[in-house]
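Here the structure comes first, spelled out in structure tokens, and everything after it is commentary.
No hydrogens, no waters, no symmetry mates; every other heavy atom, side chains included, goes into these values.
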Amino acid sequence: MLITGLIFLSTLMLAQNVLNDTVYELSQVRITSSRLNNFSTGLKIQKFDSLTLDLNKDLSLAGLISTQTPIYIKSYGQGSLATISFRGTSATHTGIYWNGIRLNPPNIEMEDLSLIPSSFFNSVGILHGGSGSLFGNGNIGGSIHLRNEPDFRKDKKFNIGISAGSFQNYSASAGYEFSDGKWWSGTRLIYHNAKNDFPYTNLEDKTEKRQNAALLQYGIMQDVYRLIKNRHLFGASFWYQFTDRQIPGSLTEKQDDATQKDESVRALVKWKKFQKKGYLTAKAAFLHNDLHYFNPDTITVLMIENKIKTNTLTGEVLINHKLNRRFILNGGINYRYDKCKTIAYKEDAVRNTIGIYTSVLYLLPSINWKADVNLRQEFYNNSWAPFTPSFGAEGKIWKFVSGKINISRNFRSPTFNELYWYPLGNKDLKPEISWNEEASLIFRLDKNPDKFYSDFIITGYNSLIDNYILWLPVTADVWMPKNIQKVWARGIEIEENAKFKVKKVNCKISFAYTYSRSTNREKTGENDRSYNKQLIYVPEHSFSGQAMFVFRGFVFSYLQSFTGERYVTRDCSEFLPAYNIGDLQLSKTFDIKMKKIKVQFEIHNIWDEEYHAIQNFPMPGRYFRFLINFIL
């Protein structure tokens with residue numbers, strides 16, 4: 001039985017400064033709020049503004065995050081697999097959500113961010129820290145939330161863009177939005193073709209071009225919303241995408257002809273009814289992923305082929321009710337059905353998950369504070385998942401100083417691969433369990449935000465993950481997953497965002513620094529030299545900074561990022577050196593009657609840094625891109 005429903009839409013309360021009573025401004029018919037904003041009290045939320053999304057619309061989600069934040073993206077090269085490492089955790093500890101629907105496939109529970117085009121969304125948010133009480137399984141390090149928010153103000157917009165860049169990299173995109181006050185429709189299309197044959201230095205210190213790294217990608221996203229008398233909201237979304245890419249080998253192996261095709265179909269429907277003191281909402285979605293890996297292996301004349309198909313049905317119902325001017329209640333039930341078929345399993349893997357959750361938000365307008373308690377219990381395949389409560393509070397401490405605090409319990413259930421991969425899967429695996437704590441101080445100067453605005457945020461976080469799943473050798477060639485490790489992740493995040501105006505020039509200066517210490521706190525055996533050592537591919541230090549200037553249609557932006565050393569062995573005996581990347585963007589928008597033409601030029605890795613994000617997988621040096629966008 002499929003329980004329909006959702007998690008979305010309530011009042012618009014920005015994560016750091018909204019402490020007022022819930023307000024449903026139906027006359028504006030702008031539907032923008034979500035549980036992400038309302039009940040994530042005490043957590044750090046980062047949202048990319050519209051200008052940042054517009055300047056980087058030609059990038060994948062991996063490219064957007066790696067250039068705009070200090071979050072570490074583990075990339076195997078341009079156009080290749082890219083996953084995220086969040087607050088010292090692995091990619092399986094980060095949830096990726098599309099309009100509230102979790103996208104992570106059940107076989108590996110991680111999403112390839114290089115396959116997600118950032119131009120498909122008008123809202124991209126990053127929730128830092130544990131949020132298992134809000135969203136369930138897997139949200140230990142953080143979560144990424146992708147949305148298309150309808151705007152019912154009467155308008156029509158059409159744009160088409162093309163780009164060309166180094167290494168025979170070509171792309172095209174188009175979008176159309178329409179609203180007449182009752183209907184809102186958004187259509188987005190992308191096409192991307194790249195050879196990615198960038199030069200690099202091999203292990204013999206010779207320069208050669210990257211081979212077998214080409215990519216072909218196209219896709220479409222369609223959203224339709226209907227608003228009836230400002231009381232009922234109906235919506236449907238459809239997302240189709242296909243990628244055919246070659247898989248380049250590492251520097252230590254002879255290049256073969258491996259390829260991978262990824263095809264996905266995602267669809268959802270939702271309904272929301274506004275009530276006098278709250279709302280009722282329901283959502284249902286279907287997700288299909290089809291991966292086909294093929295390697296003819298011409299060296300040994302041994303063909304390697306695997307096909308993986310996953311299907312997910314999910315539904316949710318949610319009710320939100322305002323008891324009085326101080327209390328807001330939220331509760332719902334979620335059902336999810338996952339199925340995976342592959343020759344790597346002896347039989348199809350199936351999982352049924354039911355989640356029940358409730359939240360209480362308490363507002364204290366007199367002292368400008370709010371607090372919430374979230375409770376969630378999930379049940380899957382005849383087993384109780386760990387109970388996940390959380391508590392958060394935030395508000396003003398003194399004049400321009402605010403504070404936040406959050407404590408939560410979270411879990412990650414084993415992936416299908418960890419359970420059923422034949423003959424190495426381990427059906428006795430337990431869920432990973434974590435306790436997360438974080439606290440922030442926020443210094444905000446915004447007396448005259450049109451002329452000067454500044455946000456300075458310091459966040460300290462701590463998490464302890466027990467029953468950490470690790471693949472360990474049983475024999476020299478056979479590895480098996482076991483609940484053998486305990487990981488302690490802690491760190492500090494410092495962020496500054498300043499906006500000001502110098503005569504007619506709008507300026508934005510921002511930077512973010514992260515110190516992340518993530519260590520193994522339990523030995524797997526007497527000879528385990530990883531005890532108390534930093535986890536592999538978790539940089540202790542990372543930094544990103546940006547300077548942007550806007551004047552008479554010109555936009556100049558310079559981004560600088562730094563990624564520190566990353567260990568590539570569990571005993572920390574080998575590491576990859578740190579690297580600095582600089583990116584330059586210059587664009588100009590021309591207004592011609594009812595049309596706009598935007599021309600943009602970019603230089604990436606401007607200092608021609610030679611680096612590897614993953615050992616023996618080279619990244620491109622300096623490269624260029626030119627874009628032109630027509631807007632009606």
Side-chain angles (χ1 to χ4, degrees), residues 13-20 36-37 40-53 64-72 86-88 124-129 141-142 367-371 392-407 436-462 490-502 505-517 539-550 557-564 580 582:
M13 294 195 291
L14 299 179
Q16 296 172 354
N17 60 354
V18 179
L19 303 172
N20 299 321
L36 171 65
N37 294 321
S40 54
T41 305
L43 293 174
K44 177 182 173 183
I45 300 176
Q46 178 181 2
K47 289 193 71 175
F48 298 108
D49 58 44
S50 58
L51 180 58
T52 298
L53 291 177
L64 176 69
I65 293 174
S66 64
T67 57
Q68 299 294 322
T69 75
I71 299 173
Y72 179 54
F86 215 136
R87 284 189 171 181
V124 178
I126 300 177
L127 180 62
H128 297 244
I367 61 173
N368 224 15
W369 270 79
K370 68 174 181 177
E394 62 182 67
K396 186 165 286 188
I397 298 175
W398 176 76
K399 292 183 179 180
F400 58 89
V401 183
S402 299
K404 289 185 175 188
I405 187 171
N406 187 276
I407 302 172
N436 295 44
E437 305 89 25
E438 67 177 270
S440 300
L441 280 177
I442 304 150
F443 303 85
R444 177 173 294 123
L445 299 174
D446 60 354
K447 282 189 175 181
N448 192 347
D450 291 335
K451 292 185 177 180
F452 182 81
Y453 173 90
S454 175
D455 245 353
F456 182 75
I457 307 170
I458 302 176
T459 301
Y461 66 87
N462 180 80
R490 63 277 193 197
I492 297 173
E493 297 170 342
I494 301 173
E495 181 180 347
E496 164 68 21
N497 294 285
K499 298 178 182 179
F500 54 94
K501 197 169 185 178
V502 180
V505 180
N506 290 299
C507 309
K508 175 186 175 183
I509 306 294
S510 62
F511 73 83
Y513 165 78
T514 297
Y515 170 76
S516 180
R517 182 74 175 152
E540 286 192 20
H541 305 278
S542 55
F543 169 89
S544 69
Q546 181 181 30
M548 181 185 296
F549 307 95
V550 182
S557 174
Y558 178 77
L559 301 102
Q560 181 70 39
S561 64
F562 168 82
T563 301
N580 275 286

What distance do [X] atom [atom1] and [Y] atom [atom2] have between them, rounded to the nearest 0.5 Å?
| X | Y | atom1 | atom2 | value |
| --- | --- | --- | --- | --- |
| Phe562 | Ser544 | CZ | OG | 12.5 Å |
| Leu441 | Ile405 | CG | CD1 | 10.5 Å |
| Asn462 | Ile407 | CG | CD1 | 10.5 Å |
| Asn406 | Leu43 | CG | CG | 4.0 Å |
| Tyr453 | Asn448 | OH | CG | 13.5 Å |

Do [X] and [Y] touch side chain to side chain, with heavy atoms closer than 4.5 Å?
| X | Y | answer |
| --- | --- | --- |
| Pro70 | Phe543 | no |
| Ile492 | Tyr513 | no |
| Phe86 | Ile65 | no |
| Phe500 | Ile509 | yes |
| Thr459 | His128 | no |

Tell me which one of Val401, Ile397, Asp455 satisfies side chain to side chain contact (heavy atoms under 4.5 Å, CB included) with Ile442.
Asp455

Compare every heavy atom of [Y] with every heavy atom of [X], then report the nearest pair and how far apart it is.
| X | Y | answer |
| --- | --- | --- |
| Ile457 | Ser440 | CG2-CB, 4.5 Å |
| Ser516 | Tyr461 | OG-OH, 3.2 Å |
| Ser510 | Asn497 | CB-OD1, 3.3 Å |
| Cys507 | Phe549 | SG-CD2, 3.6 Å |
| Tyr558 | Gly582 | OH-CA, 3.7 Å |
| Phe48 | Gln68 | CE2-CB, 3.5 Å |

Just checking, is any N or O donor in the side chain of Ser557 or Gln546 under 3.5 Å from an acceptor N or O on the other one?
yes

For the residue pair Ser454 / Glu496, report whether a side-chain donor-acceptor contact shorter than 3.5 Å exists.
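Distance-only check passes for Glu496 and Ser454.
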
Glu394 side chain to Gly42 main-chain N or O, any donor-acceptor pair under 3.5 Å?
yes

Take Tyr515 and His541 through the test side-chain contact (heavy atoms from CB on, under 4.5 Å) and record every step on the way to the result.
CA-CA 5 Å; Tyr515 170 76; His541 305 278; 3.5 Å; yes

Where do Asn580 and Gln560 land on the side-chain contact (heavy atoms from CB on, under 4.5 Å) test, with the steps shown first?
CA-CA 7 Å; Asn580 275 286; Gln560 181 70 39; 3.5 Å; yes

Between Phe456 and Leu445, is a side-chain contact (heavy atoms from CB on, under 4.5 Å) present by the stated rule, with each step listed?
CA-CA 9 Å; Phe456 182 75; Leu445 299 174; over 6 Å; no

Residue from Lys44, Lys404, Arg87, Arg490 passing salt bridge (Lys or Arg N to Asp or Glu O under 4.0 Å) with Glu438:
Arg87

Could you walk me through whether Thr52 and Lys508 pass side-chain contact (heavy atoms from CB on, under 4.5 Å), step by step?
CA-CA 11 Å; Thr52 298; Lys508 175 186 175 183; 3.7 Å; yes

